[in-house]
**Student:** 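This is the structure, below, for whatever I ask next.
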Amino acid sequence: MTTGSGTVHVVGAGLAGLAAAVELAAAGRSVELYEAGRHAGGRCRSFLDEELGCRIDNGNHLLLGGNRAALRYLERIGALDTLEVPPDAVFPFFDAETGERWTLRPNRGVLPWWIFSPQRRVPGTRAIDYLAALELRRAHPSAMVAEALDRQGRLFRRLWEPLAVAALNTRAERASARLFWRILAETLGRGAAACRPLVPREGLSETFVDPAVAYLRTRGAGVHFGARLRALRFDADRLSQLLFETGSLGLGSGDTLILAVPAAAAVRLVPALTAPDGHSPIVNAHFRCAAPAGSPRFIGVIGGAAQWVFRKREVLSVTVSAADSMVDRPAGELRELLWHDVAAAYRMPARPVPPGRIVKERRATFIASPEQTRRRPAPRSRWENLLLAGDYVHTGLPATIEGAIRSGFTAARQAVVRRWGAFAGGRTSVACVGSGTSRYEQEQQRFL
Ligand SMILES: Cc1cc2nc3c(=O)[nH]c(=O)nc-3n(C[C@H](O)[C@H](O)[C@H](O)COP(=O)(O)OP(=O)(O)OC[C@H]3O[C@@H](n4cnc5c(N)ncnc54)[C@H](O)[C@@H]3O)c2cc1C
């Protein structure tokens, strides 16, 4: 059953587009979702790797307990129980240079007393080192992570730098201090529950994508694959036509488009749109092998070529973010290099190197620098019936699952606002985005 006269057309079935479509379908709106590829999920998906003979994810994606929009999305599509939820926030680390191992254990509750406990914090650091991270909050909008923190300190090398590189996919010398602060404030700053690592039990598609597509179909939404949007036609202050490779579609007076394609595609489609134009690569290596039983689900590697290693059912998977120095190296070389660290971290034999697949995502995310951040557009365009969604849109977060889903929610909400004239926490709006304006939506308003 749909409500409202207009249809919301959502183009791009990555997480931003899926989140927008799901929220609108949940609110009873008429929704049509179009995706250029044959599958949904965009940069967050699983696929069968013929060579390895098993399903793998395009890249390891770590969700944290503080990613509230992502959790609400998963709840909506009935996929919360596809996540493995550890009882506590436990982060094992391995130093590839010294061979040292330690485990970071933030405590429950918001008062961070764990920083006073040598058993819970990084070895060789003091409580005061952690408090220095408050400098990030006060940092100038143009400041980088490495400028705001003491980069000579042990804590920088063993915690802040690896966290910043993982969360922002940008080297600490280039990454925005403010963006890093937002991540810390929503996770580590909120205690163990908010930084519990949540990993899909099966794969990214089984958690984030397939249940969403099934949800949309059950709600009567159209999901169209192989539908690449080639151009947009405008008529004064309105978007009037969508030109797909397969045909064109006129927009009625109540219809809206949520354009949820990556920044580079959006810039080609929307005249005079400014968006981030610098991208940062991520390299993943997936080794088909069985890790020792009972070994950690993931390990952070310090001072090696590998950065984070994840133990999955049939593979050990390695992530290297901000991988500019690796992305052009041959796959065979990367397999050798990365397996060396994986074997050491998981106490496995260095030889033979198991069968492995290297996945290079050259444009994994936009560079989370102050300069690129300034190029992020608001979700509203100058055309009244065209909204933008995607991890590159101004969300206040770096390009992440949480950011993409928030932007989808915001666009869905704006589409409802457009239809009903004003947002007053009324019935339709509540159905669309949760009960009234939630905290993250209020926060987000500051960026719009
Ligand atoms: C290797 C890797 C590892 C990552 N790790 C993490 C992590 O650990 N934690 C985290 O939170 N985030 C991580 N991310 C980031 C996260 O995956 C992205 O921020 C998020 O998936 C982006 O979603 P999106 O919907 O904005 O864009 P996309 O996923 O790019 O979706 C856009 C969709 O639009 C489609 N499209 C493009 N052009 C057209 C067109 N003309 N017509 C129709 N459709 C079109 C595309 O095919 C695509 O499906 C990682 C990303 C990568 C690549």
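The chain is numbered in sequence order, starting from 1. One-based numbering, in listed order, for ligands and for the atoms of each.
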**Student:** In a table with atom names and distances, give each donor-acceptor pair under 3.5 Å that connects a side chain of residues 226-233 to protein atoms at least two apart or in another chain.
**Tutor:**
from : atom 1 : to   : atom 2 : distance (Å)
R233 : NH1    : Q241 : OE1    : 3.3

**Student:** In chain order, what residues pass the salt bridge (charged side-chain N to carboxylate O under 4.0 Å, His left out) check against D88, with sequence neighbours excluded?
**Tutor:** R108
**Student:** In chain order, what residues pass the salt bridge (charged side-chain N to carboxylate O under 4.0 Å, His left out) check against E51, with sequence neighbours excluded?
**Tutor:** R357
**Student:** Between E186 and R190, is the closest basic N to carboxylate O distance under 4.0 Å?
**Tutor:** no
**Student:** Is E202 paired with R55 through a side-chain N to carboxylate O contact shorter than 4.0 Å?
**Tutor:** no
**Student:** Drop me the distance from L251's CG to R238's CZ, to the nearest 0.5 angstrom.
**Tutor:** 6.5 Å
**Student:** Give every pair formed by an N or O atom of ligand 1 and a protein N or O atom closer than 3.5 Å, one pair per line with both atom names and the distance to 0.1 Å, or write none.
**Tutor:**
from     : atom 1 : to   : atom 2 : distance (Å)
ligand 1 : 5 (N)  : N60  : O      : 3.3
ligand 1 : 8 (O)  : N60  : O      : 3.4
ligand 1 : 8 (O)  : L62  : N      : 2.9
ligand 1 : 9 (N)  : L62  : O      : 3.4
ligand 1 : 11 (O) : I401 : N      : 2.8
ligand 1 : 12 (N) : I401 : N      : 3.3
ligand 1 : 14 (N) : H61  : NE2    : 3.3
ligand 1 : 17 (O) : H61  : NE2    : 2.8
ligand 1 : 19 (O) : D391 : OD2    : 2.7
ligand 1 : 19 (O) : T400 : N      : 3.4
ligand 1 : 19 (O) : T400 : O      : 3.4
ligand 1 : 25 (O) : L15  : N      : 3.1
ligand 1 : 25 (O) : A16  : N      : 2.9
ligand 1 : 26 (O) : D391 : N      : 2.9
ligand 1 : 27 (O) : R43  : NH2    : 2.9
ligand 1 : 29 (O) : R43  : N      : 2.8
ligand 1 : 30 (O) : R43  : NE     : 2.8
ligand 1 : 30 (O) : R43  : NH2    : 3.1
ligand 1 : 41 (N) : L229 : O      : 2.9
ligand 1 : 42 (N) : L229 : N      : 2.9
ligand 1 : 44 (N) : A36  : N      : 3.2
ligand 1 : 47 (O) : E35  : OE2    : 2.6
ligand 1 : 49 (O) : E35  : OE1    : 2.7
ligand 1 : 49 (O) : E35  : OE2    : 3.2

